[in-house]
Amino acid sequence: MKTQDKDKFEIISEMARRRGFFWPSYEIYGGVSGFITFGPLGSILKRKIEDKFRNFYIRPLGILEIETSVIMPGKVFEASGHVDHFKEPIVECLRCKRKFRADHLLQEFAGMSDTETEKLTLQELMDKINKRNVRCPDCGGDFGEPQQFMTMFATAIGPYSEAVGYGRPEAAQGIFVEFRRLYENVRERLPFGVVQIGHALRNEVSPRQGPIRLREFTIIDVEFFIDPEDPQCPLLKKVENETLRLIIAENKLKGIKEPIEVTVKKALSKRYIKAEWQAFFMAMAKRFLMELQVPEDKQRFIEKLDWERAHYSVQGFDQEVYLERWGWVEVSGHNYRTDYDLSRHMQFSGVDMKVFKETEEEGRRFIPHVVEPSFGSDRLVCIALEYAYKTKEGRALLSLPRELAPTQVSVFPLVSKDGLPERAQQVYQMLINEGFTVEWDESGSIGRRYARADEVGTPLGITIDYQTLEDGTVTIRDRDTWRQVRSKIDELPELLHAYFRHKINFEDLGQLIKR
RNA sequence: GCGGCCGUAGUCUAGUUUGGUUAGGACAUCAGCCUGCCACGCUGACGACCCGGGUUCAAAUCCCGGCGGCCGCACCA
């Protein structure tokens, strides 16, 4: 296959493997789909994206970050509803071997509602299918016995097989079960938020979209607790004029695929989005993706229909970003979870999850509501790479935002002789000591080394040349424009710190060199 | 899970139809020479037939099984 026949995903995957961003895990054993390994550059990029999320989304709101376990006792997911809902009844056609959702068949061919089918046991599902004479919609064949496919990974905790544990399918439950302590930690004030960035497990039937759909992935769950009787978002002013591209449920049902473009303010006044905080987080999600260089018209929010929503959600939007290979891909979900999770844990554990709020009369006790923005970290990495990928004069270039680049600076001696490598080593060591991530490269021609650095998105290249030996200056090269400036070595630390903190731009780094 | 196609160095690939020299090339990597700002050139080196079984004097090539991938179906709380 020639390069021009490949789509962007293939080009990026190949580059990702070659240069150490990510690749399929367990390749020596043939690989298992749904698992990837982040290599040296990829893990830095992923960490920097998560750090950017912390700085952009978390810190300004004073949201707390915690870390809980991946394996959790069965009780947690019985309470959360996942044991009941995080599975699908499947029937197989005995003739053509196709598999179908048993409940969907009954809804479609027996006119039952999803609330009706949801309650049925496997035996009842089979009885209904037989009684209504539901046959394979493809070939008319008979169905075998329905089976449950559990999408959570189950395990036994310790040597007692009756102690069922599950790998968490979301990090959210780790927050809900710790609610009481967390509420104390914020000195019993609402609203407040908690975030967890960690691995989650979902045993997908057949994941086939590389890093887009994984069985083990990193989820960023923000649970924001509010008083349902005081649902105003005081920060709304900051985003009220931000426009959102929404496909609301009503239009989706009519088959309208084009989003409507409305400001946050209007989306709320028209009741497209019910909760102010949810609208705020959606606007921030849009801005965050713009920070990853995704333009507005490559983003949209789609409202989930009643039967598409997770069991805990009363209103949900998926934020989607357009990727060349996969089309519109979900990068974040925004769900209004109400008091569902806390009340369920209160019911199952017997522990009081209510909070007390003083009012003018006597005060009231209530269970907080939850607004949840939830992101897939691995997908953010893919998106950042796809939107950073450019070509210039036939060469690949990763135009990553400077704060995300895994390597900040490359240091090159122009030639490997006449004392240039020795002088360059001093610069290299100095920058390491200053805390920068620096790459040393003296292999091959200077052009080849610039090309190598461009491909992994290193924003700046510092070259030590013959003039350096005379006056202590070096050239600094910009990855995106290939322009160069000349600056004093002594001033590099200050200049580079300012540059990477976005205090100054490339042209402020020194005297522009005309060639 | 089903059907179709496929599996050769880090990457891309030739060879498989018709079994037969040392499995060829390009890019990348490394070493040396070279080097004066955008994938320079030369020399050399490293490096592969997915796994297992079978047929055969002989298997990358044919057959069977497994594993994995891609596409379609299904699945995606």
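A note on names: the letters A, B, ... follow the listed sequences, proteins ahead of strands, and every chain is numbered from 1. Computed from a prediction, not measured in an experiment: that's the story for all the values here.
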Checklist entry - Among the nucleotides B/rU35, B/rC37, B/rU11, which one has an atom lying closest to any side-chain atom of A/R17? => result B/rU11
Checklist entry - Separation of A/R449 atom CZ from B/rU35 atom P, in whole Å? => result 14 Å
Next on the checklist: Suppose the criterion is salt bridge (charged side-chain N to carboxylate O under 4.0 Å, His left out): which pairs have a residue in residues 382-401 of chain A, not counting sequence neighbours?
Outcome noted: A/R395-A/D454
Checklist entry - Is it true that the side chains of A/Q278 and A/H334 contain a donor and an acceptor less than 3.5 Å apart? => result no
Checklist entry - Quick one: which of A/I476, A/L492, A/V438 gives a side-chain contact (heavy atoms from CB on, under 4.5 Å) with A/L460? => result A/I476
Checklist entry - Hey, does A/Y312 reach any base, or is it just sugar-phosphate, or nothing, if we go heavy atoms under 4.0 Å? => result base
Checklist outcome for this item: Ranking B/rA39, B/rC12, B/rC70 by distance to the side chain of A/R448, first place goes to B/rA39
Item to check | Under the ring pair (Phe, Tyr, Trp, His ring centres under 6.0 Å) test, residues paired with A/F9 that sit two or more places apart | outcome: A/W326
Next on the checklist: Quiz question: by atom type and distance under 3.5 Å, do the side chains of A/S410 and A/D441 form a donor-acceptor pair?
Outcome noted: no
Item to check | Atom P, compared across B/rU18 and B/rC27: separation rounded to whole Å | outcome: 34 Å
Checklist entry - Does A/R309 or A/R18 map to a spot on RNA chain B nearer the 5' end, using the closest nucleotide for each? => result A/R18
Next on the checklist: On the six-membered ring of A/F500, is A/R402 placed so that its NZ or CZ lies under 6.0 angstrom from the centre and within 45° of the ring axis?
Outcome noted: no
Next on the checklist: Consider side-chain hydrogen bond (donor to acceptor under 3.5 Å, both in side chains). Of A/T463, A/D465, A/D471, which one does A/R486 pass it with?
Outcome noted: A/D465
Item to check | Identified stems (criterion: three or more consecutive Watson-Crick or G-U pairs, under 3.5 Å), RNA chain B | outcome: B:1-7 with B:67-73, B:10-13 with B:24-27, B:29-33 with B:41-45, B:50-54 with B:62-66
Item to check | Lys/Arg N to Asp/Glu carboxylate O, A/E439 vs A/R19, below 4.0 Å | outcome: no
Checklist entry - Would A/H311 and A/Y340 count as a close aromatic pair, with their ring centres under 6.0 Å? => result yes
Item to check | From A/W440, A/Y450, A/Y428, residue fulfilling ring pair (Phe, Tyr, Trp, His ring centres under 6.0 Å) relative to A/F412 | outcome: A/Y450
Next on the checklist: So if I take every side-chain heavy atom of A/R325 and compare against B/rC12, B/rC30, B/rC70, which nucleotide ends up nearest?
Outcome noted: B/rC70
Next on the checklist: Whether A/S445 contacts B/rC38 is assessed here as follows: a side-chain N or O lying under 4.0 Å from the phosphate OP1 or OP2. Is that the case?
Outcome noted: no
Checklist entry - Given that A/S416 and A/G447 both sit by RNA chain B, which one's nearest nucleotide is further toward the 5' end? => result A/S416
Kindly give the atom pairs (protein nitrogen or oxygen, nucleotide nitrogen or oxygen) under 3.5 Å for nucleotides 44-47 of chain B.
none

Checklist entry - Tell me: CD of A/E10 to C1' of B/rC6, nearest whole Å? => result 14 Å
Checklist outcome for this item: So, with a heavy-atom separation below 4.0 Å from RNA chain B, the residues of residues 384-401 of chain A are A/R395, A/A396
Checklist entry - A/I513 has an atom CD1; how far is it from atom C1' of B/rG36, in whole Å? => result 13 Å
Checklist entry - Roughly how far apart, to the nearest Å, are B/rC50 and B/rU16 at atom P? => result 15 Å
Item to check | Near-strand residues of residues 463-486 of chain A, defined as heavy-atom separation under 4.0 angstrom from RNA chain B | outcome: A/T463, A/D465, A/Y466, A/T475, A/R477, A/W482, A/Q484
